[in-house]
Amino acid sequence: MSKVNVGIIQMSCVKDKQQNLEKTISKVREVAAKGAQIICLQELFTSLYFCDVEDYDNFDLAETIPGPSTDALSAVAKELNVVIIASLFEKRAQGLYHNTTAVLDADGSYLGKYRKMHIPDDPAFYEKFYFTPGDLGYKVFGTQFGKIGILICWDQWYPEASRITALMGAEILFYPTAIGWATDQDEETNQDQYNAWQTIQRSHAIANGVPVVSVNRVGFEQEGAMKFWGGSFATNAQGKLLYLASHDSEEVDVVKIDLQQSDYFRKHWPFLRDRRIETYSPITKRFLDED
């Protein structure tokens with residue numbers, strides 16, 4: 001398939017998990033009606049972003065994968081003939097939890113999961129309290145509409161992760177995301193942060209010659225202390241913006257992405273061809289000092 005219609009769902013969430021799931025399914029139907037074939041949901045879409053605090057009660061939000069949410073979405077995927085990328089809080093075993101994305105194919109089949117590899121621990125983003133780092137490695141999934149690579153939020157800052165996923169044959173890189181501004185920040189800082197976030201991901205598209213789709217939540221949470229900045233976007237295989245969502249509104253949109261452009265850009269800007277792989281072994285070190 002040379003072209004694919006990607007569905008982007010940028011939305012706000014509430015405290016009630018079932019309400020968020022039902023709202024998401026409604027928006028999946030809406031974007032499918034617009035022609036979407038691969039639909040990407042934002043990070044941890046069934047809940048508020050709970051990692052702003054370290055609270056043991058929040059572990060009750062987790063579920064098995066496959067489990068209730070993937071079952072519900074699988075039925076919708078089959079009914080609508082769409083691929084769904086679903087970011088969930090996974091309970092793997094008693095006391096063992098992951099930030100995980102499941103992939104459901106257009107026939108409703110469960111293709112597998114990717115567990116978030118890079119886990120942040122910043123003010124209001126205390127993810128290390130909840131999530132064990134991923135142990136499945138980087139993953140690509142062969143769907144009915146193309147071979148897709150999944151990374152999650154904090155992974156987006158790491159060119160190593162996007163490179164490996166692209167080298168595994170991903171035709172599009174998807175980033176379910178939850179990131180926002182502290183509301184006591186000034187506007188210049190806000191714009192600097194957003195621009196850095198968008199720029200690093202567009203650079204993955206350029207360096208690897210693959211389109212990038214990043215889907216973020218939107219709205220105020222944490223009693224107004226955090227504004228999730230939305231700004232979801234999609235690029236072509238040269239990092240050109242094909243779609244850009246607002247910072248303030250829920251959005252349900254479809255972006256047509258030409259998968260054949262990767263071959264064109266990789267031939268004319270042959271970064272993959274010219275990689276000096278025999279020189280890269282130092283990258284596996286924490287830091288290149290004397291210790």
Side-chain angles (χ1 to χ4, degrees), residues 1-11 20-46 63-90 92 98-117 134 136-152 155 161-162 164-177 210-215 232 234 252-260 262:
M1 179 171 291
S2 61
K3 296 182 180 179
V4 63
N5 292 330
V6 171
I8 293 175
I9 297 175
Q10 173 179 292
M11 69 179 213
N20 290 322
L21 179 60
E22 291 173 359
K23 178 180 179 179
T24 298
I25 289 174
S26 175
K27 291 185 178 294
V28 166
R29 293 185 182 281
E30 181 181 347
V31 78
K34 294 182 177 183
Q37 296 167 302
I38 302 176
I39 300 170
C40 186
L41 309 179
Q42 64 204 33
E43 184 183 19
L44 301 172
F45 69 91
T46 63
E63 61 185 270
T64 58
I65 300 176
S69 292
T70 55
D71 288 349
L73 292 170
S74 177
V76 175
K78 182 177 182 179
E79 175 192 345
L80 302 176
N81 193 40
V82 296
V83 174
I84 299 177
I85 299 166
S87 171
L88 298 162
F89 186 13
E90 179 190 11
R92 181 177 179 181
H98 296 277
N99 186 332
T100 301
T101 295
V103 179
L104 306 167
D105 209 354
D107 62 358
S109 61
Y110 166 72
L111 294 183
K113 68 184 79 169
Y114 165 73
R115 291 177 174 141
K116 186 173 181 178
M117 297 284 274
L136 297 176
Y138 299 103
K139 304 276 285 187
V140 296
F141 302 89
T143 77
Q144 292 188 25
F145 301 117
K147 196 171 185 180
I148 62 175
I150 312 297
L151 296 163
I152 304 172
D155 292 329
S162 61
I164 292 169
T165 308
L167 291 176
M168 295 174 74
E171 295 178 290
I172 307 177
L173 297 177
F174 286 92
Y175 291 91
T177 298
V210 294
V212 165
V213 177
S214 187
V215 181
S232 302
V252 176
D253 287 297
V254 176
V255 186
K256 185 179 291 294
I257 294 180
D258 188 346
L259 302 181
Q260 293 300 313
S262 288

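Just so it is clear, the structure is predicted and the values come from calculations on it, not from any experiment. Sequential numbering from 1 along the given sequence is applied to the chain's residues.
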Flag the pair C40 / V215 as yes when at least one side-chain heavy-atom distance between them is below 4.5 Å, and no otherwise. yes
Interatomic distance, CD@Q42 vs OG@S214, rounded to 0.5 Å, equals 11.0 Å
Shortest non-hydrogen contact between G149 and A170, atoms and distance: N-CB, 3.6 Å
Determine the minimum heavy-atom distance between T70 and I65, stating which atoms define it. CG2-CG2, 4.2 Å
Under the salt bridge (Lys or Arg N to Asp or Glu O under 4.0 Å) test, residues paired with K139 that sit two or more places apart: none
E90 side chain to T64 main-chain N or O, any donor-acceptor pair under 3.5 Å? no
Go through the structure and list residues passing side-chain hydrogen bond (donor to acceptor under 3.5 Å, both in side chains) with S87, not counting sequence neighbours. none
Do L88 and L44 have side chains that approach each other closer than 4.5 Å (heavy atoms only, starting at C-beta)? no
Across all chains, not counting sequence neighbours, the side chain to side chain contact (heavy atoms under 4.5 Å, CB included) partners of A33 are none
Going by side-chain hydrogen bond (donor to acceptor under 3.5 Å, both in side chains), name the residues that satisfy it together with S69, two or more places apart in sequence or in a different chain. E63
Can you tell me which residue among I39, I172, V254 is in a side-chain contact (heavy atoms from CB on, under 4.5 Å) with V6? I172
Considering residues at least two apart in sequence or located in another chain, which fulfil the side-chain hydrogen bond (donor to acceptor under 3.5 Å, both in side chains) criterion with T24? none
For F45, the ring pair (Phe, Tyr, Trp, His ring centres under 6.0 Å) test, sequence neighbours excluded, returns none
Could you state the interatomic distance from CG (L21) to CG (L73), rounded to the nearest 0.5 Å? 5.5 Å
Please examine the side chains of V212 and Y175, heavy atoms only from C-beta on, and report whether any two atoms are closer than 4.5 Å. yes
Can you confirm whether the side chains of S232 and Q10 place a donor and an acceptor under 3.5 Å from each other? yes
Residues which pass salt bridge (Lys or Arg N to Asp or Glu O under 4.0 Å) with E43, listed by chain and number, not counting sequence neighbours: K116
Do the non-hydrogen side-chain atoms of I38 and F174 ever get within less than 4.5 Å of each other? yes
Keeping K78 on the side-chain end and D105 on the backbone end, is there a donor-acceptor pair under 3.5 Å? no
Mind checking what makes salt bridge (Lys or Arg N to Asp or Glu O under 4.0 Å) contact with E79, not counting sequence neighbours? R29
If you define the side chain from C-beta out and look only at heavy atoms, does anything of I85 sit under 4.5 Å from L41? no
Before you tell me yes or no, could you show the steps for T101 and L151 under side chain to side chain contact (heavy atoms under 4.5 Å, CB included), namely the whole-Å CA-CA distance, both residues' side-chain angles and the distance that decides it to 0.1 Å? CA-CA 8 Å; T101 295; L151 296 163; over 6 Å; no
Residue pair N99 / F89, side-chain heavy-atom distance below 4.5 Å: no
Closest non-hydrogen atoms of S162 and L173, given as atom of the first, atom of the second and distance, are CB-CD1, 3.8 Å
Test log, rule side chain to side chain contact (heavy atoms under 4.5 Å, CB included), inputs I8 and V31: CA-CA 8 Å; I8 293 175; V31 78; over 6 Å; no
Kindly indicate, with the supporting measurements, whether the criterion side chain to side chain contact (heavy atoms under 4.5 Å, CB included) is fulfilled by I257 and V213. CA-CA 10 Å; I257 294 180; V213 177; 3.8 Å; yes
In terms of side-chain heavy atoms, does D155 have a donor or acceptor partner in Y114 at a distance below 3.5 Å? yes
Would you mind reporting whether I150 and V103 have side-chain heavy atoms less than 4.5 Å apart? yes
N81 vs F145 side-chain heavy atoms within contact, under 4.5 Å: yes
From CZ (R115) to CZ (R92), nearest 0.5 Å: 4.0 Å
D107: what forms a side-chain hydrogen bond (donor to acceptor under 3.5 Å, both in side chains) with it, not counting sequence neighbours? S109
Are the side chain of E171 and the backbone N or O of K147 linked by a donor-acceptor pair below 3.5 Å? yes
Side chain to side chain contact (heavy atoms under 4.5 Å, CB included) for K113 and L136? Distances and angles first, verdict last. CA-CA 8 Å; K113 68 184 79 169; L136 297 176; 3.5 Å; yes
Holding to side chain to side chain contact (heavy atoms under 4.5 Å, CB included), I want the full list of residues that pass it with K256, two or more places apart in sequence or in another chain. K3, N5
